[in-house]
Amino acid sequence: MSLFIRSAHVITMAEGTSSSPQVLDLRIEGQDIVAIGSDLQPEPRDEILDGRDRLVTPGFVNAHTHSWETVYKGRYDNMPLELWMLYTYPLLGAPPRSPDFVRVRSQLFALESLKSGVTTIVDDVLETPSQDFGQLEAVVDAYERIGIRANVSGHVINVPFVDTVPFAADHLPAEVLHAVRNESLLSAGEYLDYSEQAIRRYHGRGEGRLHYMLAPSAPQRCTPDLLSGAVALAGRHGIECHIHMLETKTQAITGQEFYGMTLPQYLESIQALSRNTTFAHGIWVTDQDIEILANHSASVSHNPISNLKLGSGILPWRKYRDAGVNLGLGTDGCSSSDTPRLLEVIKMASLLHKIGDSDPAAWPSVDETLRAGTLDGAKSAMLDRTVGSLEVGKRADLLVWDLNTLNFTPRQKLDHQLVYSENGSSLEYVMVDGRIVVDHGALTTLDEQEIVDEFNGYLPEIQAWQDRTDELNTVFHPAFSAMYETCRQAPLDINRWAGTADSVLTP
Ligand SMILES: [Zn+2]
């Protein structure tokens, strides 16, 4: 297929341009953007799209999410991460999911993502109790069929979960402790073998849209040989290594308790930092931590809505930007943010950091947050040579917005209106890899109703095991609650709200 978009308002997000749109023609052939400019001529067989009342932007890149959490949308509220995890990622009683269920769960998640303009997802799958190739294959297959672009992980925790936080294990009943410490865990070698195989099997599937991603859960949740091995393997294959880091105050204290240093210092000491590493969250960092991440050209995925819902804290946006750390934006999973709509995250990031610093010069610009939701997200996913901006030679992952809607009336600054006024309802076309996958709100690749019906068929079964695991895992609640309180009340010399303190840790 070849498409010629004539005289559209285009935000290319290309390096060196601003987010304010220009009137341009754009030509797409097959998967690729082959021409952008003024006064271009269509080829004879091109389909023509009149762009005069349309805005064209790159597709959004969701730089951090977990499709697993789709089954928990709207289920929990008012719990901090350490308690919320006990239920969303239950330690006891979660049955392994069948590949057929994993496929439809992934399709449902991708469907909602695509319909809101997300063309790339960084899906840190985190299957509980563990992931096998049948389940991983099901996710890849779902995304291949529905037509989304994705980095799909094998997520790994290879330390007993009760030993990934300080102060909790001592408060647990001996038999519970015994049970969770006796779960079989992968060795570094086993995880790296699994990942090598996954790269051979899945990397490049879907005509190049699908990539395998390494995902050691967090520094305190994996052994050092696994962390450094995963970062090295990602480097050898030019793919992303995705790690959660410093999401909560408890985790900042964990670094000090376990290693006597901050978690970024620890990762640097074990050679587990590189251009390929993206850290989800990165809230409770010291100024020196930010320097460490900048020195290794690592990225951070900022997830402001999830961070607000779990009361985790506020990432020091301006400090990261000033240090030159690349920031992507993520929704996180549908249990901690309840929707995969990245446009809401872009808006939240644009607004949130205006609080806490009274200097307007420090506030995020629309250009910065739109870039974080597109090109910088693609950078964090190791995909910026392929997508993230509209440039000749890149794949055609783009969105076409109808400007004759109330959200764009009156037409002022279209980039600002996209972020502050638009809610996704003006989306006309969503294109991934040169193919229109959503046309006026309708998925073109699969039968949407079939996905929803099939998923809903599992609902009684899902809710039964959720009720069961909720019940079973309350056994951890008192110990984790006590641990959370200890950390909550620990004096930390930081005013995270203002984002102005020099160091997280009291001397
Ligand atoms: Zn996460």
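We count residues from 1, following the sequence as given. Atoms within a ligand are numbered from 1 in the order they appear, just like the ligands themselves.
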Looking at residues at least two apart in the chain, or sitting in another chain, which of them share a side chain to side chain contact (heavy atoms under 4.5 Å, CB included) with Val325? Ile290, Leu293, Ala294, Val300, Tyr320, Ala323

Phe133 and Tyr194: aromatic ring centres closer than 6.0 Å? yes

Would Tyr143 and Asp123 count as a side-chain hydrogen bond (donor to acceptor under 3.5 Å, both in side chains) here? Give the steps. CA-CA 11 Å; Tyr143 296 159; Asp123 184 4; 2.7 Å; yes

Specify whether His66 and His155 have parallel, tilted or perpendicular ring planes, treating 30° as the upper limit for parallel and 60° as the lower limit for perpendicular. perpendicular

For salt bridge (Lys or Arg N to Asp or Glu O under 4.0 Å), just list the numbers for Arg318 and Asp287, CA-CA rounded to whole Å, side-chain angles, deciding distance to a tenth of an Å, and then say yes or no. CA-CA 11 Å; Arg318 185 54 57 203; Asp287 291 353; over 6 Å; no

So which protein N/O/S atoms does the Zn ion (ligand 1) have within less than 2.8 Å? His64 NE2, His66 NE2, His244 NE2

Classify the angle between the aromatic ring planes of Phe480 and Phe161 as parallel (below 30°), tilted (30 to 60°) or perpendicular (above 60°). parallel

